[in-house]
Number of protein chains: 2
Amino acid sequence: MFSIGALSDRTGVKIPTIRYYEEMGLMPEPERTAGNQRRYTQAGLDRLGFIKHARDLGFTIEAIRALIDLNDRPDHSCATANAIATAQLDDVRAKIARLQRLETELVRIATHCDGKGRASDCYVLTSLADHGLCETAH
Amino acid sequence: MFSIGALSDRTGVKIPTIRYYEEMGLMPEPERTAGNQRRYTQAGLDRLGFIKHARDLGFTIEAIRALIDLNDRPDHSCATANAIATAQLDDVRAKIARLQRLETELVRIATHCDGKGRASDCYVLTSLADHGLCETAH
DNA sequence: TCTTGAACCTCTAGTTACTAGAGACGTTAG
DNA sequence: CTAACGTCTCTAGTAACTAGAGGTTCAAGA
């Protein structure tokens, strides 16, 4: 049996976050000691690892809840799991594309300004004031 | 003079968001009509455009506040503006790098699962449960 | 067995950048 | 003048935690 602190140490998930996951229904309510402290089994540790990994990959709590439900019903089709993962991949790719456009603009803005001039001539400030100077949409 | 709705239409910033920017000190408190409605000048419109553009580029409210302060003091050095823009660029690049690592993992996870099997054999679920299958750190 | 200090408990509130809604009042075109 | 739409303030909600207060329990050493 593991205390909440032991779970935290093993997974790198902070203690309040573990309690938060419990409240959100991602972690099952564990047994308690006579003094009301949480005691987890190996299954609890495994589940927290699953959640941590999914969060690191950017899945939302909602998506993780759905994945856990599937995990708990082994005879169910995995079509939903595949759909969730694919949606997450699409989302990540969209974010990358957007950030790359921002990167282009920021490079343009930052390289025109060496930080030595005065604010009135600053290209950073001019550029923010005038969207027409931008090369890409954002 | 522009009403808040006119500002919203011209910039694409929603009305409650404009009021929120005012509360955060990014937008100056505009004049009011006898009936207490906000009336903006061209300067107000320009400032909202500046804020919108900066937000679109991912600058935080905090950073925008600093940029606006600089914009209002034209004889000040633009070193701070340059530092803020460069920090934002670094941040964007770090996010891209991280998302690209996630993309790699998600492709691996999603392509191993065609969505037709059962949950017990689902690679999406197996993979989330076992971080050791991952190729990159995240 | 007692003590002490670390770990744990619940609860509330704060974070970022908004968004939604209620209920009341202002403005403007016909 | 009135209808319809715009605007006002205020509160509360969103995601995914994080911080802190004030109190209780556990485990190890004397």
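A note on names: the letters A, B, ... follow the listed sequences, proteins ahead of strands, and every chain is numbered from 1. Both backbone and side-chain heavy atoms feed into the values below; hydrogens, waters and symmetry mates do not.
With 3.5 Å as the limit, one finds no donor-acceptor pair spanning the side chains of B:Arg98 and B:Gln100. A side-chain donor-acceptor contact under 3.5 Å links A:Thr136 and A:Glu105.
The nearest whole Å value for the distance from the CD1 atom in B:Ile18 to the C1' atom in D:dC8 is 14 Å. The CG atom of A:Asp9 sits 13 Å away from the C1' atom of C:dC8 (whole-angstrom rounding). Taking atom CD1 of B:Ile4 as the reference point, atom C1' of D:dC5 lies 15 Å away to the nearest angstrom. For the pair A:Arg32 CZ and C:dT10 C1', the computed distance is 10 Å after rounding to whole Å. In this entry the distance linking OH of B:Tyr40 with P of D:dT7 reads 10 Å, nearest Å. As a whole-Å value, the separation of A:Arg65 CZ from D:dA16 C1' is 12 Å. Straight-line distance from the CD atom of B:Glu23 to the C1' atom of D:dA12: 14 Å, rounded to whole Å. Between B:Phe2 atom CZ and D:dT7 atom P the separation is 13 Å, expressed in whole Å.
Evaluated for a side chain to side chain donor-acceptor pair (under 3.5 Å) with A:Arg47, the options A:Thr41, A:Asn71, A:Asp72, A:Thr11 yield exactly one hit, A:Asp72.
One hydrophobic cluster, built from ILVMFWY side chains closer than 4.5 Å, holds both A:Val107 and A:Leu99.
Sorted by first then second residue, the ring-ring contact (aromatic ring centres under 6.0 Å, His included) pairs that include residues 97-129 of chain A, not counting sequence neighbours, are A:His112-A:Tyr123. Evaluation of the ring-ring contact (aromatic ring centres under 6.0 Å, His included) test over residues 52-72 of chain A, restricted to residues two or more places apart or in two chains, returns A:His53-B:His131, A:His53-B:His138.
Within residues 87-96 of chain B, no residue has any heavy atom closer than 4.0 Å to DNA chain C.
Taking 4.0 angstrom as the limit, A:Arg38 places a side-chain polar atom (N or O) nearer than this to OP1 or OP2 of C:dC9.
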Exercise. Taking it one step at a time, do B:Arg65 and B:Asp69 satisfy salt bridge (Lys or Arg N to Asp or Glu O under 4.0 Å)?
Worked result: CA-CA 6 Å; B:Arg65 208 195 315 276; B:Asp69 281 354; over 6 Å; no
- Kindly determine whether B:Thr17 and B:Tyr21 satisfy side chain to side chain contact (heavy atoms under 4.5 Å, CB included), including the steps that lead there. CA-CA 6 Å; B:Thr17 306; B:Tyr21 289 157; 3.6 Å; yes
- Item | Full working for side chain to side chain contact (heavy atoms under 4.5 Å, CB included) between B:Arg19 and B:Met27 | CA-CA 8 Å; B:Arg19 292 198 274 248; B:Met27 287 294 284; over 6 Å; no
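Residues B:Gln37 and B:Arg32 have side chains not in contact (no heavy-atom distance under 4.5 Å, counting atoms from C-beta outward).
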Under 3.5 Å, N/O pairs linking protein and nucleotides 3-6 of chain C:
none

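Under the rule for a side-chain contact (heavy atoms from CB on, under 4.5 Å), the partners of A:Ala6 that lie at least two apart in sequence or sit in another chain are A:Phe2, A:Ser3, A:Arg10.
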Protein-proximity profile, nucleotides 12-30 of chain C, B/S/- by nucleotide at the 4.0 Å heavy-atom cutoff, equals -----BBS------SS---
